[in-house]
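Not measured: the values here are computed from a predicted model. In what follows, chains carry the letters A, B, and so on, assigned in the order in which the sequence lines appear, proteins first and then strands, with residues in each chain numbered from 1.
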Protein chains: 2
Amino acid sequence: MEFKELDPLLHSQLRLAVVSLLISVKEAEFTFIKEKTNATAGNLSVQINKLKEAGYVEITKQFKDNYPQTLCKITAKGIEAFEQYVKALQSYLK
Amino acid sequence: MEFKELDPLLHSQLRLAVVSLLISVKEAEFTFIKEKTNATAGNLSVQINKLKEAGYVEITKQFKDNYPQTLCKITAKGIEAFEQYVKALQSYLK
DNA sequence: TAGATTAGTTTATTTTATAAACCAAATTAT
DNA sequence: ATAATTTGGTTTATAAAATAAACTAATCTA
């Protein structure tokens, strides 16, 4: 196979950034991710939900200092998918 | 900057494959690219045209053995864009 | 208590990707 | 000779994705 399939869920700038970030920090708040990725809240909300649907991240909603807080954590499946994606990418980069 | 911008023109599985391929072979026929990338003719036609609009590839149409032949060639701008894209990608992969 | 801020979600719009339909010429089969 | 099929595509229509804009709900601040 010349070019490997690129998981469409990860082949999105924002979702890739989110997963990449979560792999390095394990857990992060919505607002932190938003800042680091320069995403708009709406876009981030949508994309994080897709990652959740896919089982790539886990989302916990709670309150912190009276404000709602959305926490995101990468799952084993998410790490696996990311590694696979990077491997597939290699076939395009040589 | 945490995550660098990914040129949307290259951040597409098919267009990335086309550019990657053209960088390695310099020039290729439409049908050859189609086979190597497993793309449908319609999709390939559209995507190659976008790369042309962007000045990333050059397209030559001629006849060969009585049949129309579409030749694609990478441009300096295309190579430059690819290298930049790969560099930007690194910011997501570590 | 009116206005602004935080932390999001939902809906609408735009952009992309993909599939389906089409075209013209050439070839093959009848 | 002509009907059907194949080659090499393009164009148009549809589906999916990304993004922006609008909205919600609670809190804080002047």
**Request:** For the side chain of B/V46, starting at C-beta, report the closest nucleotide among D/dG9, D/dA17, D/dT12.
**Result:** D/dT12
To the nearest Å, how far apart are [X] [atom1] and [N] [atom2]?
X     : N      : atom1 : atom2 : answer
A/L44 : D/dA18 : CG    : C1'   : 13 Å
B/F32 : D/dG9  : CZ    : C1'   : 18 Å
B/N49 : D/dT10 : CG    : C1'   : 9 Å

**Request:** State, yes or no, whether a side-chain contact exists between A/F3 and B/Q13 at a heavy-atom distance under 4.5 Å.
**Result:** no
**Prompt:** Under a 4.5 Å cut-off applied to non-hydrogen side-chain atoms, are A/V25 and A/I74 in contact?
**Reply:** no
**Request:** Taking ring-ring contact (aromatic ring centres under 6.0 Å, His included) as the test, write out the residues that go with B/F82, two or more places apart.
**Result:** none
**Message:** Checking B/F30 now: which residues fulfil ring-ring contact (aromatic ring centres under 6.0 Å, His included) with it, not counting sequence neighbours?
**Reply:** none
List the atom of [X], the atom of [Y], and the distance in Å for their closest heavy-atom pair.
X     : Y     : value
B/S20 : A/S91 : OG-O, 4.4 Å
B/T40 : B/K34 : C-CE, 4.3 Å
B/T37 : B/I33 : OG1-O, 2.7 Å

Identify each donor-acceptor pair in which a side-chain atom of residues 51-63 of chain B lies under 3.5 Å from a protein atom, sequence neighbours left out, and give them as a table.
{"unit_1": "B/Y56", "atom_1": "OH", "unit_2": "B/D7", "atom_2": "OD2", "d": "2.7"}
{"unit_1": "B/Q62", "atom_1": "NE2", "unit_2": "B/Q69", "atom_2": "OE1", "d": "2.8"}

**Asked** Any sub-3.5 Å donor-acceptor pair from B/S45's side-chain atoms to B/A41's backbone N or O?
**Response** no
**Request:** Quick one, give me the B/S/- string for nucleotides 25-30 of chain D, reading 5' to 3', where B means a protein heavy atom under 4.0 Å from the base and S means that only happens at the primed atoms, P, OP1 or OP2.
**Result:** --BS--
**Request:** May I have the step-by-step check of side chain to side chain contact (heavy atoms under 4.5 Å, CB included) for A/V19 and A/L9, ending in yes or no?
**Result:** CA-CA 10 Å; A/V19 168; A/L9 247 129; over 6 Å; no
Within the 4.0 Å heavy-atom criterion, would you say [X] contacts the bases, only the backbone, or no part of the nucleic acid?
X     : value
A/K34 : nothing
A/T70 : sugar-phosphate
A/T31 : sugar-phosphate

**Request:** Kindly state each residue pair satisfying side chain to side chain donor-acceptor pair (under 3.5 Å) with at least one member in residues 79-89 of chain A, sequence neighbours excluded.
**Result:** A/H11-A/Y85
**Message:** Which residues pass the side-chain contact (heavy atoms from CB on, under 4.5 Å) test with A/F32, not counting sequence neighbours?
**Reply:** A/L21, A/A28, A/E29, A/K36
**Prompt:** Does A/Q47 have any side-chain contact (heavy atoms from CB on, under 4.5 Å) partners at least two apart in sequence or in another chain, and if so, which?
**Reply:** A/L14, A/R15, A/N43, A/K50
**Asked** Are A/Y92 and B/I23 connected in the hydrophobic side-chain network, where two residues link if heavy atoms are under 4.5 Å apart?
**Response** yes
**Asked** In residues 6-27 of chain B, which ones come under 4.0 Å of DNA chain C, going by heavy atoms?
**Response** B/S12, B/R15
**Message:** Using a 4.0 Å cut-off on heavy atoms, which residues in residues 77-89 of chain B reach DNA chain C? List them by number, or say none.
**Reply:** none
**Request:** Would you tell me if any nitrogen or oxygen in the side chain of B/K61 comes within less than 4.0 Å of OP1 or OP2 on D/dT10?
**Result:** yes
**Prompt:** First and last nucleotide of DNA chain C touching chain B, 5' to 3', heavy-atom cut-off 4.0 Å?
**Reply:** C/dT16 to C/dT27
**Prompt:** DNA chain C: A/N43 or A/P68, which has the more 5' nearest nucleotide?
**Reply:** A/P68
